[in-house]
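Just so you know, residue 1 is the first one in the sequence shown, and it goes up from there.
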Amino acid sequence: MPDSQPQPPANPGGDATPPAAVPGDGALVLGGARLADGRTVDVRLSGGRIEAVGTAGSLAHGPRVDLSGYLLLPAPAEPHAHGATALTAEADGPVSYAPEDVQRRATEAALLQLGHGATALRCHVRIGDVQGLRSLEAVLQARRALRGLTDLTAVAVPRLLTGAAGADGLALLRDAVKMGAAVGGCPDLDPDPTGFAEAALDLAAAYGCPVDLHTDGSDPARLARLAAMAGGLRPGVTLGPCGGLARLPRDLAVRAAEQLSAAGVTVVCLPQGDCGTLEQRGGRVSRCAPVRLLRAAGVRVAAGSGALRDAANPVGRGDPLEAAFLLASHGELRPEEAYQAVSGWARAAMGLPRVRVEAGFPAELLAVRGERVDGVLSMAYSRLVVHQGRVVARTSAVREYCDGSAAAALELPRQSSRGGSEPS
């Protein structure tokens, strides 16, 4: 197809292969689950969607999973991952970018995050240099291998897009979009940040795909230009991690937030620490974007995990609930809003359908042992994950105390499969 006649990829933000048919062999009932509004209900899933929600014990048809003692929530989504570099912190010598190694890391990282509850994942992948498009191809192969377990999409991240050195990057980015990737990159690292952003936005507009750019956000004038260019672009523009906004004087930060809001730009913050893509120098301590300030200005904000045990964060967990915990514990959002930042707001940033625990909505769910959102953010150990209407991951924590009589006297909660408290 000539470059002068661009067409949107078959599955923007993913690869060119449409999703497989929804797996599953019929209805599944999640029994006795507690909802965020305090009700205890049965939830019947069928065909990848929520078919019915009724009072506890009222939906007996089909196989049943007992979720007594669990809070049932819309599943998180991960809007900012780096699967190609994940799990490399302890590598002996240089990190291998052989396609088979990248695919293995991306697959393992996605499964780790699925175990935490994220049933959709947006993975930023470097293109160019000696690797060309091989890392992207490996991540897209991981996406195909994971189909039915989790939804993985890719964002292509070129180093340069302007000048003679950027011509190759622009050509590679165009090829990456044809493969189904979204448009990414780091304008801050290009000698002409405005030219980089303009080239990325023009390409995305031509192919009708999302844009997700890395920026520190510490230059108000640069942010203003980017917001002006991004206004009205569909399917939308996402920026992250924007930690530099937190270091600006408040009046400048508020003005920048208002400009981002007016342009309809979404900000993905990384409460667990920045990723390595911005190549920060000088030992500067990273900070999370000022979420409360952004929200007050009307900016759409989501939260991601960023680095997962790589050079940027050797102890990264890739856990959406930890990101929500940090937002709540630092006072940026109330616990319910913090969970929204890693679930509903994250899904919106990724262009995914909305999820509610109501009939007709997609069956993308997370059950966590506990009664309230603030409690599960604090003690989110045992989890059960539902993707496309079927259970795809379980984590069971066992808590026992040596002095059984003292624990029994205090009626402390016990999590043990021997006690029958885990979902069957």
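- Minimum heavy-atom separation, Cys123 to Ala84: SG-N, 4.3 Å.
- With sequence neighbours excluded, no residue satisfies side-chain hydrogen bond (donor to acceptor under 3.5 Å, both in side chains) with Ser46.
- Rounding to the nearest 0.5 angstrom, the gap separating the CZ atom in Phe361 from the CG atom in Leu45 is 14.5 Å.
- Residues that satisfy the side-chain hydrogen bond (donor to acceptor under 3.5 Å, both in side chains) test with Glu258, not counting sequence neighbours, are absent from this structure.
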Assess the residue pair Asp216 and Arg247 against the criterion (salt bridge (charged side-chain N to carboxylate O under 4.0 Å, His left out)); give the C-alpha distance rounded to whole Å, side-chain angles, the decisive distance to 0.1 Å, and a yes or no. CA-CA 10 Å; Asp216 182 51; Arg247 301 189 300 274; 2.5 Å; yes
For Asp192 and Thr162, what are the C-alpha separation, side-chain angles and deciding distance, and is it a side-chain hydrogen bond (donor to acceptor under 3.5 Å, both in side chains)? CA-CA 7 Å; Asp192 180 4; Thr162 67; 4.8 Å; no
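- Here the shortest heavy-atom pairing between Val157 and Cys186 reads CG1-SG, 4.1 Å.
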Evaluation steps, salt bridge (charged side-chain N to carboxylate O under 4.0 Å, His left out), between Glu337 and Arg334: CA-CA 5 Å; Glu337 294 174 325; Arg334 293 183 294 106; 3.5 Å; yes
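- By the side-chain contact (heavy atoms from CB on, under 4.5 Å) test, Pro362 pairs with Arg49, Pro353, Val355, Glu364, sequence neighbours left out.
- Using a 4.0 Å cut-off between charged nitrogen and carboxylate oxygen, Asp188 and Arg222 count as a salt-bridge pair.
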For residues 316-325, tabulate all N or O donor-acceptor pairs below 3.5 Å that involve a side-chain atom, not counting sequence neighbours.
from: Arg317; atom 1: NH1; to: Glu322; atom 2: OE2; distance (Å): 3.1
from: Asp319; atom 1: OD1; to: Leu321; atom 2: N; distance (Å): 2.9
from: Asp319; atom 1: OD1; to: Arg383; atom 2: NH1; distance (Å): 3.0
from: Asp319; atom 1: OD2; to: Arg383; atom 2: NH2; distance (Å): 2.9
from: Glu322; atom 1: OE1; to: Gln272; atom 2: NE2; distance (Å): 2.5

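- Side-chain N or O atoms of Gln388 include none that pairs as donor or acceptor with a backbone N or O of Leu149 at under 3.5 Å.
- Between His80 and His214, the ring planes lie perpendicular to each other; the angle is over 60°, past the 30° to 60° tilted range.
- Taking 4.0 Å as the cut-off between side-chain N and carboxylate O, Asp190 and Arg159 do not count as a salt-bridged pair.
- Between the side chains of Thr238 and Asp212, no donor-acceptor pair of N or O atoms lies under 3.5 Å.
- Listed by chain and residue number, nothing satisfies the side-chain hydrogen bond (donor to acceptor under 3.5 Å, both in side chains) test with Thr40 (two or more places apart in sequence, or in another chain).
- In this structure, CG on Leu173 lies 12.5 Å from CG on Asp168, to the nearest 0.5 angstrom.
- For Glu332, there are no side-chain hydrogen bond (donor to acceptor under 3.5 Å, both in side chains) partners, not counting sequence neighbours.
- Screening Thr88, Val95, Leu87 against Asp310 for a side chain to side chain contact (heavy atoms under 4.5 Å, CB included) leaves a single residue, Thr88.
- The residues Glu137 and Arg134 are annotated as not salt-bridged, no charged nitrogen and carboxylate oxygen being separated by less than 4.0 angstrom.
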